[in-house]
Amino acid sequence: MNTNYAAPSDLGRIQGVALGIGLLGIVAWVIGLTLSGNVREIFFHSYLVAFVFWAGIALGCLGMLMIQYLGGATWGLIIRRPLESGSHTLILMAILFIPVAVGLGNIYEWMHRESITDEKLRAMLDHKSLWLNPKFFIVRTAIYFAVWLLLMLVLRKRSHKLDETGDPALIQSAQDWSGPGFLLYAIACTFAAIDWVMSLDAEWFSTIFGMLLIVGQGVAAIAFIISVCVILSRREPMNHVLKPKHFHDLGKLLLALVMVWAYFSFSQLLIMWSGNLPEEIPWYIERFKGTWGYLGIALILGHFFLPFVLLLSRDLKRNGRRLVFVAWLVIIMRFIDLLWLIVPEFEHGHPGHLKDYLIYIASTVGMGGLWLGWFFWQLRSKALVPYNDPLLPEALAAGGGH
Amino acid sequence: MAEVFKKEGYVDPRPPVLGPGHNFRSISEKIGDIVLMRGFQKGWVFGFAIVFLGALMLFNTIGYLVLKGVGIWGNSIPVAWAFDIINFVWWIGIGHAGTLISAILLLLRQSWRNSINRFAEAMTLFAVACAGLFPALHTGRPWVDYWLFPYPNTMGMWPNFRSPLMWDVFAVSTYATVSLLFWFMGLIPDFAGLRDSAKNKVQRSIYGLLAMGWRGDARHWQRYETAYLLLAGLSTPLVLSVHTIVSYDFSVGIIPGWHATIFPPYFVAGAIYAGFAMVLTLAIPVRKFYHLEDFITIRHIRNMCKVMLATGLIVGYGYLMELFMSWYSANTYEMFMMKNRIFGPYGYMYWLLILCNVLVPQLLWIKKFRDKLGVVFLVSMFINVGMWLERFVIIVMSLNRDFLPASWRMYKPTVFDFTMFFGTIGFFLTCMFLFIRFVPMIPIFEMKTLLPESKVDEHKVEEHISGTSVGANPLPQFGD
C-alpha cells in the first residue's frame, strides 16, 4: 500500500469516458435543438436546467465540505478530497453562468415587464423590479460566486498546505472559516435559488424555497460522492481505505438528507395546499397537470419512498456496490426534481409530452461531461486522502472514528 | 482506543468530557449521594419554598379560571390566541432539547451527552406538562377535554382531522408518552444501583419498586440497549414532528405572518434553541450548587453553546426570509404585516426579539465567551426571553391587526395571564427541585461508560495482547 495516496492511473481513463459521454450529450443536444424549431428559447431553457443541476452538485460539495470541518467527524476526512474537487468545479460553473446572463430575456418572464398588459401583474412586477432587473440580477450572481469561490479557495489552500506541513493549526483555521463560511454560503445559496429558479414564476414566493434547494444540493452531492467513492474503492490505494463502515456512514447521511428533503417538500405542499391562495396555488396546479403530475408522483416514490426504504437496510448501506444504485436513483431524481421545478414555467400551463423533455437530458449530460472532466482533473491532481491530517489514522481504523 | 491511532505528538485540544481522577466508585457516590443523603440541604429547602409558592400561584389561578372561565384572561377577538398559545409553544419548544440530547445525540453517537441527558429529559417532561395545561384550559371547559379524542358517542361528535390542532393533540400526547417511557427506562439501572446502596428500608423499597427487578444481568443489559436505541429512533421523528405540527397550527392558516412555508424548520430550530438555553439556565447553577463540575464539564457547556449558536442562526435566517419575502411577495397584507411588526404599536417587542434572539447570541461566536459561565448564563436568559417574544410577535401581532381595520384591537394581558405564566415556571421548577433531590440527575451507569476502564473492544484487547499500556485519560469524544 502506497502511503502518498496518489490517484490511480486509470482515473484518467474514467475522465476520458466522462468527457466522451459529455460530447455525445452535446451532439444529441445540438441535434435536438435543430429539430426543435425554436433554437434560441429551447437552448436557454435546457441550458438553465443543466446549469442549476451541476451548480447544485458543486455547491452541495462545498457545503458538505464545510459541514465536514464543523462536525469534526473523523470519517468525514476520507471524503474531503472528493468534496474539494467537487467544489473546485465552481470555477467552471462561474464561467458557465455567462450564457445564462446572455439569455436572461429568453429565460425569465420578468424581463418583459413592459409588454405585460394585465394591470395587476404589471404593478406587481413594477414593485419587484427593484430586485428583479437584469443588472442587479447579474451583480448578485457575481456576488454569490465571489462568496463561494472565496470559501472554496480558502479551504483548499489550507487543506493543501496541510499535506505539506501537517500543522494541526491549519485544520483549526479551516474550522474557523467554516462556521461563518457556512452562514454566508447558505445565504448566498438561498438568494441564488430565489433568483435562478424561484423568479421563473415572478409572482410565486415561498420562504422555504432556499432551504429546499440547499438540501437538494446536499442530497445530490452526497449521492455523487458515494458514486465516486465506489469507483475509488475498487482501485489502489483507496481499496485499503474505504471500508464498509465509511459507506455505512455515507448511506446514513444520504438517508437523513433524503428525509429532510421530503420533510421540506411536504411541508411546503401542505401549507400551500391548505392555504389555497391565488398567488401561491397556481404554481402547484401547473405541476399537478399531465406529465408533471406523473413526474411528481415519481418524485414522491423515487426521491423519498424507495431510497428511504432501501437505505434503512444496514447491509445495503455497508455494501458500496449496492449503495451506489440508490445513489444513482437519487441523482436521477434530483434531475427530475429540477425539471419539475423549472420547466413548467416555460410552458405556461400547457405541459408537453415526455419526449419533449429529452433535450433537457441531453443538455445536462453534455454539461456533465465538462463538469466531470474538471472534477476528475482536480481529483487526480492531489493525494486522494489528506494524509497529513493528525486524525487520519483514526479515520482509517477499521471502526471508523466518530 | 483512539489514542494509539493518533499521530505522535498530537494532543486533542478539547477538554475531556469527564473530569480526571474518577473511578466506578467515585461516580456512584458523587451522584448517588445527592439522592441518598439524609435530610435536606438548606439551600434546597429555601429554593424549593420559593418555587413552590409559584406552583401554588398556578394552582390558584387554575382554580379561579375553572370557576370563572377563560374570560379572566385578556384574550378577545381578534386576538383569540394570546398568552395561552404563546406559553404552550414556548414550553413545548423548551421540552425539545431534552429529546434532542437524549435521542438524536445518542443516535449520532455523541457520548458527551451522557451527563446532561437525564436532566434534560426530566426538563422535557415537566415542560410538556406545563405546555399541555394551556390548550387544555383554553378549551374553556377542560372537564370535557376528552371530546378531543375520537371515540364513538351518542352526541354525533367527531374531531376535525383536517385541523392541525387535532394533530397537535395526538402529536403532543404521543410525544409525552414516549418521553416518559424513555426517561423512566433510562433510569431503571440507576434505580437498581440506588436500591443496592440505599441507606434505609424506605429508600430500598421505593427504589427497589422503581427498579422493576433489575439485576444487571447480561440479558437485561442486552435488551435494555436494544430497547433504548429503538426508543431513541422513535423519539427522533417525534421531536421533529411535534414542533412541525405546532408550526402547522399557524402556517396552515392564511393570516399574514402565520402563513409561511419556512415555519416547520424554523420552529423546530427555535425549539431546540430555546431548549438548550433552558438546559444551560438550569445546568449552570445546579452544577455549581452540587459541585458537578467533573460531570458537566466546560466541554458540555461549549458544545451546547455551539448548538445554540447554530440553531439561533437558523432562527435568524427565518426572520430574514420572512422579512425579504414579505417585501418580495408584493402582497399588500404581507407587506403591511411586516411594517406593523417593525413599526407598529407593538414594534418594540420585535426589536427586543431581534436583540434577544439575534444580536446577543452572536457573542457565542467568541471562544472566550463560550467558556465564561456568567456570559453563557446571561445569553441563555436572553434567549429564553427572546423565544417567548418570538411567539408573541408571531401570534398576537399577526392577529391584532388583521385584514379588516375595523376589527383591529390592541391586546392587553390581565393579571391572570401573568400569574398563570409565572405559575407554570414555578411549577416547572418545583418539579425540577423534586427531581434533583429524589432521582439521580446524571445517569450513573452511562457516566461509567466514559471511564477508560469500561472500554472493552478489539483495539484494547489487541493492546493488552501486545502489551502496550492504556492511557488513563478518558476517551476523547469525536464529533463535537
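In what follows, chains carry the letters A, B, and so on, assigned in the order in which the sequence lines appear, proteins first and then strands, with residues in each chain numbered from 1.
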Counting only non-hydrogen atoms closer than 4.5 Å, does [X] touch chain A with its backbone (N, CA, C, O), its side chain (CB onward), both, or neither?
X: Leu309(B); result: neither
X: Trp365(B); result: side chain
X: Tyr317(B); result: side chain
X: Phe324(B); result: side chain

Any donor-acceptor pair under 3.5 Å linking the side chain of Asn117(B) with the backbone of Ile101(B)?
no

At a 4.5 Å cut-off on heavy atoms, which part of [X] comes close to chain B: side chain, backbone, both, or neither?
X: Trp204(A); value: backbone
X: Leu212(A); value: neither
X: Gln268(A); value: both
X: Phe264(A); value: side chain
X: Ala123(A); value: neither

Using a cut-off of 6.0 Å, state whether more than 12 heavy atoms not belonging to Phe403(B) lie near its atom CZ.
yes

Does CH2 belonging to Trp177(A) count more than 12 external heavy atoms closer than 6.0 Å?
no

Within 45° of the six-membered ring axis of Trp110(A) and under 6.0 Å from that ring's centre, is NZ or CZ of Arg113(A) located there?
no

So, do Tyr319(B) and Asn357(B) sit near enough that their side-chain heavy atoms are less than 4.5 Å apart?
yes

Do Ser206(A) and Thr261(B) have side-chain N/O donor and acceptor atoms under 3.5 Å apart?
yes

Under 3.5 Å, is there a donor-acceptor pair linking the side chains of Glu164(A) and Asn388(A)?
no

Counting heavy-atom pairs under 4.5 Å with chain B, which one of Met272(A), Glu280(A), Met259(A) comes out on top?
Glu280(A)

Of Ala330(B), Pro164(B), Gly316(B), the largest count of non-hydrogen pairs under 4.5 angstrom with chain A goes to Ala330(B)

Identified ring-ring contact (aromatic ring centres under 6.0 Å, His included) partner of Trp258(B) from the options Phe267(B), Phe250(B), Phe263(B)
Phe250(B)

